[in-house]
Amino acid sequence: MTNEKLKKSILNKASAILENPCDALPEENLVKFVSHFFRRKDIYLEMVRKNGSPLYLIEKNILKDRAMAFREAFQSVLPEVSFYYAVKSNNHPEISRTLIENGFGLDVSSGLELELAISIGATDIVFSGPGKTDAELSLAVDHSAHVAVLMDSPFELSRLERIAEKEGKTIRAGVRLTTNEKGLWRKFGIPMSSIKDFLEKSLECPHVAVNGFQFHTSWNLNPDQQIQFIERLGRTIQTLPAQLKDMISFIDIGGGYWPTMGEWLQVQGTPAGSLLKHLQIDSGNDLAHFYMPSETISNFSEKLGAAIRQHIFVHKPCRICFEPGRWIVNDAMHLLFSVVDKKDVDFVITDAGTNAVGWERYETDYFPVLNLSRPALIEKPCMVSGSLCTPHDIWGYGYWGEDISAGDILMIPTQGAYTYSLRQHFIKSLPEVVIIG
Ligand SMILES: *Cc1c(COP(=O)(O)O)cnc(C)c1O
């Protein structure tokens with residue numbers, strides 16, 4: 001591209017981004033969310049009084065409720081279904097244990113997670129993930145009564161066959177399919193075009209019983225991506241010889257269901273805000289919040305159920321498996337911490353740092369910071385910062401409350417997904433975990 005052409009295409013793209021700003025987060029959604037947690041504030045304050053600050057607070061009742069809602073949504077539209085909780089989304093053992101008690105198996109993506117699953121007595125485990133080591137495959141074979149390996153490549157199939165043969169065992173298995181053959185997601189699974197070769201090769205591996213497919217697309221605000229892939233998969237299954245079609249007894253359609261509240265963003269989390277940030281232009285109001293709506297789980301289940309019947313079951317009826325993580329666990333854990341220092345009317349430092357969540361989440365994602373000690377249904381501008389020696393240690397640019405002072409107890413609700421399992425033992429010690437319900 002010549003410089004002029006490149007410049008023009010950059011400017012066109014930038015103006016398209018600026019002309020299509022993200023929707024504003026509706027005030028009523030936000031107020032409803034905040035008031036729900038303020039109504040329950042005495043429960044949370046009591047936990048801090050008893051256990052100190054900071055805390056990760058797990059609400060088991062919420063977890064059970066989400067587990068049941070997810071199962072019911074899909075059980076009502078499909079004849080044979082299995083559910084596997086994606087351990088990586090929150091690896092606290094009590095969460096996996098509670099989900100097992102509520103009819104879930106576990107989806108693990110490493111030997112470490114497999115060990116956790118075995119140690120808590122899980123008996124229905126799927127093991128997926130790229131680059132499984134021989135030691136990890138051996139561990140799966142040792143527990144073959146309870147584990148199915150979702151393989152990632154033909155080479156992994158050969159290695160699993162060799163290991164299972166050596167141990168004189170047969171292991172159940174499936175193969176992961178690449179959902180996007182370009183870019184970063186190429187690292188997962190095999191391309192659709194090599195399904196036939198893979199299944200044929202597996203017939204020469206008597207110790208690995210291949211009987212299904214897995215795919216996983218991430219970050220689905222609606223089921224469109226999943227449905228498109230189901231259509232593609234149906235077209236491929238149609239072309240398989242009967243002998244290979246008959247091998248298919250399950251299709252695992254992965255996780256990636258976005259929680260019903262939708263995605264809540266800071267201005268910097270939106271395309272326009274991120275563009276301005278890179279241009280070093282101030283995007284204005286820090287208390288503007290943005291919103292990407294998502295569909296309810298019953299919308300997901302109805303549309304996915306219809307697509308599976310239309311594109312898959314006409315060729316091969318089979319069991320459908322699900323691997324939700326975020327949808328199940330997002331609402332079931334909250335963060336509680338307190339104000340240590342007030343450096344200005346609009347600047348406070350808290351006892352916890354964002355090492356508790358392991359990434360700079362709140363620079364892009366918006367979650368309300370609730371002052372449980374002085375509740376009010378108004379958000380006031382204030383830099384609410386953690387105590388790590390980095391300026392990126394930020395909880396938010398405001399708090400909900402009348403005022404804020406040293407000693408106040410703050411809460412960020414619904415932090416169950418991709419926070420606790422990414423925690424870092426960095427500078428500060430980590431919050432204690434308290435479980436209620
Ligand atoms: C991460 C992951 C999941 C869970 O995704 P969520 O977005 O948390 O629902 C499920 N399956 C696989 C293979 C994954 O890698």
Side-chain angles (χ1 to χ4, degrees), residues 63 66-67 69-71 73-74 81-92 95-96 99 104-114 116-117 122 124-132 136 140 147-153 156 173-180 184-190 212-226 229-230 233 250-263 292 294-297 299-301 304 320-333 357-359 361 365 414-422:
L63 197 58
R66 296 301 180 275
F70 193 93
R71 280 174 42 206
F74 287 98
V81 282
S82 305
F83 302 96
Y84 298 89
Y85 166 64
V87 172
K88 78 169 190 286
S89 63
N90 187 319
N91 62 0
H92 193 282
I95 288 184
S96 291
L99 289 164
F104 276 63
L106 298 180
D107 162 29
V108 301
S109 44
S110 69
L112 189 69
E113 290 185 355
L114 181 54
L116 167 76
D124 188 9
I125 304 168
V126 292
F127 179 15
S128 61
K132 299 181 197 72
E136 289 175 319
V147 183
V149 177
L150 300 176
M151 293 174 293
D152 209 58
S153 73
E156 191 169 283
V175 61
R176 181 160 178 172
L177 304 174
T178 311
T179 50
N180 186 343
L184 293 177
W185 282 75
R186 197 180 146 200
K187 81 181 262 185
F188 301 107
I190 63 166
F213 302 122
Q214 176 210 25
F215 72 89
H216 165 72
T217 62
S218 173
W219 227 276
N220 300 296
L221 293 161
N222 60 54
D224 296 354
Q225 277 191 93
Q226 293 154 301
F229 194 77
I230 288 166
L233 181 57
F250 76 87
I251 293 177
D252 181 334
I253 71 167
Y257 311 87
W258 199 266
T260 310
M261 69 192 278
E263 193 171 9
M292 307 278 279
S294 65
E295 295 200 11
T296 61
I297 206 65
N299 272 1
F300 270 98
S301 67
L304 286 168
I320 302 297
C321 307
F322 300 84
E323 301 171 343
R326 186 187 298 273
W327 197 92
I328 299 292
V329 82
N330 184 67
D331 299 354
M333 182 186 258
V357 301
W359 55 295
R361 174 171 215 187
D365 294 1
T414 67
Q415 298 307 300
Y418 302 102
T419 53
Y420 177 80
S421 45
L422 279 80

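In each ligand, atom 1 is the first atom listed, and ligand 1 is the first ligand listed.
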Margin query: At under 4.0 Å between heavy atoms, is it the side chain or the backbone of W327 that contacts ligand 1, or both, or neither?
Written below: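 Neither; no heavy atom under 4.0 Å.
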Check: Quick one: do the N90 and Y85 side chains pair a donor with an acceptor below 3.5 Å?
Finding: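 Checked: N90/Y85 side chains show no N/O donor-acceptor pair below 3.5 Å.
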Item checked: Parallel, tilted or perpendicular: ring planes of F300 versus Y257, cut at 30 and 60 degrees ->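 Taking Y257 first and then F300, their aromatic rings stand perpendicular (interplane angle over 60°).
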Next item on the list: Measure the acute angle between the ring planes of F83 and F74, then classify it against the limits of 30° and 60° as parallel, tilted or perpendicular.
Entry: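 Ring orientation of F83 relative to F74: tilted.
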Short list, please: which atoms of ligand 1 are under 4.0 Å from a heavy atom of [X]?
| X | answer |
| --- | --- |
| R326 | 6 (P), 8 (O), 9 (O) |
| G256 | 5 (O), 6 (P), 7 (O), 9 (O) |
| R176 | 13 (C) |
| A86 | 3 (C), 4 (C), 10 (C) |
| E323 | 3 (C), 4 (C), 10 (C), 11 (N), 12 (C), 13 (C) |
| D107 | 10 (C), 11 (N), 12 (C) |
| Q214 | 13 (C) |

Judging by distance only, is a nitrogen or oxygen of [X] under 3.5 angstrom from one on ligand 1?
| X | value |
| --- | --- |
| P324 | no |
| S128 | no |
| G254 | no |

Looking only at protein heavy atoms, which one is nearest to [atom], and how far off is it?
| atom | answer |
| --- | --- |
| atom 8 (O) of ligand 1 | Y418 OH, 2.5 Å |
| atom 5 (O) of ligand 1 | H216 CE1, 3.4 Å |
| atom 15 (O) of ligand 1 | K88 NZ, 2.7 Å |

Check: Under 3.5 Å, side chain of T178 to main-chain N/O of G189, donor-acceptor pair present?
Finding: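 A pair under 3.5 Å: yes.
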Margin query: Looking at W185 and T217, would you say the former's side chain and the latter's main chain have a donor-acceptor pair under 3.5 Å?
Written below: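 No; zero donor-acceptor contacts below 3.5 Å.
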Margin query: What's the separation between atom CG in L63 and atom CG in N330, rounded to the nearest 0.5 Å?
Written below: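 Interatomic distance, L63 CG to N330 CG, rounded to 0.5 Å: 11.5 Å.
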Next item on the list: Could you give me the CA-CA distance, side-chain angles and deciding distance for E156 and K132, then say whether salt bridge (Lys or Arg N to Asp or Glu O under 4.0 Å) is met?
Entry: CA-CA 8 Å; E156 191 169 283; K132 299 181 197 72; 2.7 Å; yes
Notebook entry, point to check: Can you name the one residue among I253, L106, V87, V126 that meets side chain to side chain contact (heavy atoms under 4.5 Å, CB included) with E323?
Noted result: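 Single side chain to side chain contact (heavy atoms under 4.5 Å, CB included) partner of E323 among I253, L106, V87, V126: V126.
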